[in-house]
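From a predicted model like this one, the values you see are computed outputs, not experimental measurements. In what follows, every heavy atom counts, from backbone to side chain, and hydrogens, waters and symmetry copies are set aside. Every chain is numbered from 1 and lettered A, B, ... according to where its sequence line falls, protein lines coming before strand lines.
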Number of protein chains: 2
Amino acid sequence: MKTNALFKRSYNQALDMLAGAGEGVPLPSEPAMAATLGVSRTTVRAVLTALAMREIITIDGRAKTQLRLPKRNDYLADADLEPLADMVERKFMAWLVGPDCSPGHVINGLDLARQFGVSTSAIRDCLNKFSHFGLLERQSNGRWRTLGLTVEFVAELFDMRELIEFRAVDRFVALSKDDPLWSELSLIEKEHHAFLDDFDRRNRDFSDLDHRFHKLVDSAVPNRFLGNIQGVMSVIFHYHYQWNKKDEVDRNHRALCEHLAYIDGLKSGDPSRAREACRLHLHTARSTMLTSINVI
Amino acid sequence: MKTNALFKRSYNQALDMLAGAGEGVPLPSEPAMAATLGVSRTTVRAVLTALAMREIITIDGRAKTQLRLPKRNDYLADADLEPLADMVERKFMAWLVGPDCSPGHVINGLDLARQFGVSTSAIRDCLNKFSHFGLLERQSNGRWRTLGLTVEFVAELFDMRELIEFRAVDRFVALSKDDPLWSELSLIEKEHHAFLDDFDRRNRDFSDLDHRFHKLVDSAVPNRFLGNIQGVMSVIFHYHYQWNKKDEVDRNHRALCEHLAYIDGLKSGDPSRAREACRLHLHTARSTMLTSINVI
DNA sequence: AATTTGTTTTTTATATAAAAAGAGCATTCA
DNA sequence: TGAATGCTCTTTTTATATAAAAAACAAATT
């Protein structure tokens, strides 16, 4: 049966909203709450019923009143808050880059389903999705084989990435000065400085910032066929580097500084300077990844 | 339940083999037949049992002997010979580019399942696959919306295609003279000439030749992330132009001639000449497609 | 009259079940 | 002894069933 992760997340979100209000405060109408939470009214009604059951609110006709502030243990546990597909994807990637899977390994979907505690359908969907990332291959007998993070894979990935990003850089520097992308760039530049200032504590979260930065640059040439490249980059940064913490601090610090130089290059408006900063950064990223593969 | 299209195709293939032999001829062993047909022994055994049931062969211990030549009505009908996924894909694309679907249309999976006579799982798989081609988009409520063959779509598609193919051309002309790609190019060049000679009768099948030609050129820079682009190109040529027969003869004839010029350019070894022929052809292809969209 | 709520109908996501096809092993035959 | 066969066990594919969530519609309220 379908998971109710959406209900649980919405319920917790509603609690957050109530925490901002107080006892005796009337709640907004169902359609209004649905719009705020970004879900259907059906889900909102389920949440309201649950809140009334826990005596956090009271429902009398169409008058909904808050009875008390939510407590910590009113919140639903983190266990099933993640959509199933995300959970499977996370576990699968962890398995794929982990020690239980070597390149060329034939995947047993039934076995994975048992390991992850989900049905084979969920595994099937996940495998189908990842096949587009070039990390898996379908054999003639219908089975899946892992291809692994090989040197060829990284070469092809970065070739493609450079091809795309160089062109994006050329377009980016030529943007008119009032283009919204410039302010977004300044914003992300500030984030980079904030990151550097608090580097020791935050350097774990760098993959997200990295992903958003490159996505911003690439958005100068909107193209829906880039999704796969960005997806696979993000996945690899997120999962592969999770198993390879060696030199993580150095790696992230260097990338941060290169990003800042890259941003300067873009802002200078000089195509050759921007291109050069981009080239330098992508070159580093490529060799970093190649090194990390050989290290494992 | 699973379709037995594989069994049916194997059965017909086996009949073809028997048609080549004759009465009284002994059949090869099960493993040998499995290897020949490219299926498992389980399937071969099912085929052999069916052949014995129809009294085309007789099985006595491990001696399998042909009793008679297969007749026309021994063959299984064309109805279910196609794998289910292929059938769904074919019907879906026909629906997508046909008159029942306008850009922005919200897809009703249940309804499509009924129309195509398959289960929702099959539709789901198909939608997931096509979302990678950029023709569909997933809304926040989990529904699919068609994006249609818009002008932006074609622009993005061809931008990407040109980016990739220009680079492939540069690499192609620089290949060593004994590279196997050169002989493949000569082979496909011959096919083009054969096509031209018999143009009136064969011009319908051009999309396949076109696909193979561009795939060959692109293979000069092996990259697994190209699959999507090539896939979507192929799909569009195959299905979109099926609904748009206007000027088909002119369109195909012109493309054929441009291909030949393109091949000459590659063979000349002069990068700028090859690039120019490529540019010209891709430019024509782009405007042809743009025109065909507006015509509909 | 425009919202809001109560209720019903659709649609999607996921697990389960069953057929088809593959893989492996013991036995048999040449 | 080595390959072929018979049989059994897995794995994959597909349909079906069911809960969750969305959408649609009718009745009620301000």
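Within 6.0 Å of NZ in A:Lys129 there are 12 or fewer heavy atoms belonging to other residues, nucleotides or ligands. Surrounding CG of A:Asp60 are at most 12 heavy atoms belonging to other residues, nucleotides or ligands under 6.0 Å away. Around CD of B:Glu55, the count of heavy atoms belonging to other residues, nucleotides or ligands within 6.0 Å does not exceed 12.
The residues A:Arg224 and B:Glu156 are annotated as salt-bridged, a charged nitrogen and a carboxylate oxygen being separated by less than 4.0 angstrom. Remark: B:Asp208 engages B:Arg212 in a salt bridge, criterion side-chain N to carboxylate O under 4.0 Å. Salt bridge present: B:Arg68 and B:Asp74 bring a charged side-chain N and a carboxylate O closer than 4.0 Å.
Residue A:Leu110 is classed as a base contact, given a heavy-atom separation below 4.0 Å to a base. Among the protein residues, B:Thr43 comes within range of the sugar-phosphate backbone only, with heavy atoms under 4.0 Å from sugar or phosphate atoms but none that close to a base. Using a 4.0 Å heavy-atom criterion, one finds that B:Lys8 contacts no nucleic acid atom at all. Nucleic acid contact class of A:Asn108 (heavy atoms, under 4.0 Å, all strands): sugar-phosphate only. Nucleic acid contact class of B:Ser29 (heavy atoms, under 4.0 Å, all strands): sugar-phosphate only.
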Handout entry: Letter per nucleotide, 5' to 3', of nucleotides 25-30 of chain C [B base touched, S only sugar-phosphate touched, - untouched; heavy atoms, 4.0 Å]
Key = ---BB-

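Remark on DNA chain D: of its neighbouring residues B:Met1 and B:Asn141, the 5'-side contact belongs to B:Met1, judged by nearest-heavy-atom nucleotide. Taking for each of B:Asp111 and B:Thr42 the nucleotide of DNA chain C with the nearest heavy atom, the 5'-most of the two is the partner of B:Asp111. Judged by closest nucleotide on DNA chain C, A:Val118 is the one of A:Val118 and B:Ala46 placed further toward the 5' end.
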Handout entry: Stepwise salt bridge (charged side-chain N to carboxylate O under 4.0 Å, His left out) check, A:Arg90 with A:Glu82
Key = CA-CA 10 Å; A:Arg90 187 168 49 75; A:Glu82 195 180 18; 2.9 Å; yes

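At whole-Å resolution of the value, CD in B:Glu30 and P in C:dG24 are 17 Å apart. Per the geometry, CZ belonging to A:Arg45 stands 8 Å off P belonging to C:dT7, to the nearest Å. Regarding A:Met33, its CE atom lies at a distance of 13 Å from the P atom of C:dT4, rounded to whole Å. Taking atom CD1 of A:Ile107 as the reference point, atom C1' of C:dG22 lies 17 Å away to the nearest angstrom.
Residues from residues 119-140 of chain B with heavy atoms under 4.0 angstrom of DNA chain C, sorted by number: B:Arg124, B:Arg138.
Taking every nucleotide of DNA chain D with any atom under 4.0 Å from a non-hydrogen atom of chain A, the first and last of them, 5' to 3', are D:dT11 to D:dT29.
For the ring pair (Phe, Tyr, Trp, His ring centres under 6.0 Å) test with B:Phe225, the passing option among A:Phe153, A:Phe225, A:Phe133 is A:Phe153; the others fail.
With rounding to the nearest 0.5 Å, the separation of CD1 in A:Ile56 from CG in A:Leu48 is 11.5 Å. The OG1 atom of B:Thr65 lies 10.5 Å from the CD atom of B:Glu23; values are rounded to the nearest 0.5 Å.
Of the possible polar contacts, one joining the B:Arg9 side chain to the B:Leu81 backbone as a donor-acceptor pair under 3.5 Å is found. Between the A:Thr146 side chain and the A:Ser102 main chain, a donor and an acceptor come within less than 3.5 Å of each other.
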